[in-house]
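Worksheet for the structure shown next.
These numbers were taken from a predicted model, which means no experiment stands behind them. Chain A is the first sequence line, chain B the second, and so forth, proteins listed ahead of strands; every chain is numbered from 1. The figures that follow rest on heavy atoms only: side chains count, while hydrogens, waters and symmetry mates do not.
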2 protein chains.
Amino acid sequence: MKDMGVTKSEKFTEEQNKIARMTKAIGHPARIAIIQYLFSIDSCVCGDIVNEIGLAQPTISQHLKELKSVGLIKGSVEGTSVCYCIDYHNWSLMKNLLSPILNLDAATLNKCC
Amino acid sequence: MKDMGVTKSEKFTEEQNKIARMTKAIGHPARIAIIQYLFSIDSCVCGDIVNEIGLAQPTISQHLKELKSVGLIKGSVEGTSVCYCIDYHNWSLMKNLLSPILNLDAATLNKCC
DNA sequence: ATCTTTCATTGCAAAGTTACGATAAACACA
DNA sequence: TGTGTTTATCGTAACTTTGCAATGAAAGAT
């Protein structure tokens with residue numbers, strides 16, 4: 001068969017797809033933990049994240065890659081280690097993307113059930 | 001092998017798991033579209049949602065089930081049809097759950113990369 | 001130059017997700 | 001009772017995600 005197991009993005013607006021990409025990216029507890037950690041610490045070396053979270057190093061590396069692929073974090077090589085940080089510009093863009101949905105009003109909401 | 005393909009929820013706090021469950025639930029364009037639609041319309045019959053979104057009826061039914069399982073929507077049977085609505089109480093709880101993360105401050109953010 | 005440290009990539013196993021046809025269940029209506 | 005309508009569930013196919021051991025790659029240390 002043809003399109004099994006694949007999201008049909010073409011059925012939705014670009015905005016809907018963007019919102020879903022972002023919420024999906026943060027839709028895992030490890031990635032939430034990573035984001036909280038990156039907001040909380042001074043130095044953001046990859047190895048520290050591995051110790052903090054408690055998953056295997058390749059697993060963390062993969063989660064970091066996903067967060068990076070949607071732009072929420074960025075990394076820079078510093079010797080043998082890599083420093084990861086929140087990309088606050090893109091983090092703000094995500095907030096602006098989500099707020100119109102999150103703040104949809106209860107006033108306009110029909111009470112049919 | 002043992003725990004392949006399964007999220008290790010026990011490694012994270014209850015709050016982190018809750019946030020991830022919620023963001024994951026809205027991490028699909030069809031479910032974003034359903035939520036937007038339910039906020040926008042007066043009558044919220046399941047069949048209307050199927051027509052609006054453009055995916056097959058069983059697929060929509062499955063997405064509705066997922067949104068319902070995290071409490072973001074609720075449904076009530078009305079004759080042969082089912083009326084789905086936003087559960088605004090839980091929607092607000094989700095907003096309260098997300099805002100501490102979304103509003104993490106750039107001021108406290110270390111600029112190491 | 002060799003060893004060590006740090007992180008990314010590869011490869012793989014197991015489970016989850018997405019989508020839909022077919023079917024069942026529940027109700028309305030003739 | 002039988003027929004049509006509406007939605008949920010089942011079964012299945014294909015793709016995606018999660019996690020980790022093993023391996024690579026790249027830079028610092030000895």
- Message: By the side chain to side chain donor-acceptor pair (under 3.5 Å) test, which pairs, at least two apart or in different chains, include something from residues 52-74 of chain B?
- Response: R31(B)-H63(B), R31(B)-E66(B)
Please state how far atom [atom1] in [X] lies from atom [atom2] in [N], giving the value in whole angstrom units.
X: L67(A); N: dC7(C); atom1: CG; atom2: P; value: 16 Å
X: K65(A); N: dG19(D); atom1: NZ; atom2: C1'; value: 15 Å
X: I60(A); N: dT9(C); atom1: CD1; atom2: P; value: 15 Å
X: R21(A); N: dT17(C); atom1: CZ; atom2: P; value: 20 Å
X: N17(A); N: dT18(C); atom1: CG; atom2: C1'; value: 14 Å
X: I49(B); N: dT7(D); atom1: CD1; atom2: P; value: 9 Å
X: I53(A); N: dC7(C); atom1: CD1; atom2: P; value: 14 Å
X: R31(A); N: dT18(D); atom1: CZ; atom2: P; value: 5 Å

- Message: Base, sugar-phosphate or nothing for V45(A)? Non-hydrogen atoms, less than 4.0 Å.
- Response: sugar-phosphate
- Which part of the nucleic acid, if any, lies within contact of E66(B), taking any heavy atom under 4.0 Å across all strands shown: a base, the sugar-phosphate backbone alone, or nothing? sugar-phosphate
- Query: Are there more than 12 heavy atoms of other residues, nucleotides or ligands under 6.0 Å from atom NZ of K95(A)?
  - Reply: yes
Quick check against the 3.5 Å criterion: does [X] have a side-chain atom that pairs as donor or acceptor with the backbone of [Y]?
X: D48(B); Y: C44(B); result: no
X: S81(B); Y: V45(B); result: no
X: N17(A); Y: S9(A); result: yes
X: W91(B); Y: L102(A); result: yes

- Among dT17(D), dT9(C), dT9(D), which is the nearest nucleotide to the side chain of S61(A)? dT9(C)
- Look at the side chain of S81(A) and decide which nucleotide, out of dT6(C), dT18(C), dA8(D), has an atom nearest to it. dT6(C)
- Task: Respond yes when some side-chain nitrogen or oxygen of Y84(A) is under 4.0 Å from OP1 or OP2 of dA8(C), and no when none is.
- Result: yes
- Are the side chains of Q16(B) and Q36(A) in touch, meaning some heavy atoms are under 4.5 Å apart? yes
- Taking for K24(A) and for D48(A) the nucleotide of DNA chain C with the nearest heavy atom, the one nearer the 5' end belongs to D48(A)
Which atoms of nucleotides 19-23 of chain C (N or O only) lie under 3.5 Å from a protein N or O atom, and what are those distances?
unit_1, atom_1, unit_2, atom_2, d
dA19(C), OP1, K8(A), N, 2.8
dA19(C), OP2, H28(B), NE2, 3.3
dA19(C), OP2, H63(B), NE2, 2.8
dC20(C), OP1, K8(A), NZ, 2.7
dC20(C), OP2, A56(B), N, 3.0
dC20(C), OP2, T59(B), OG1, 3.1

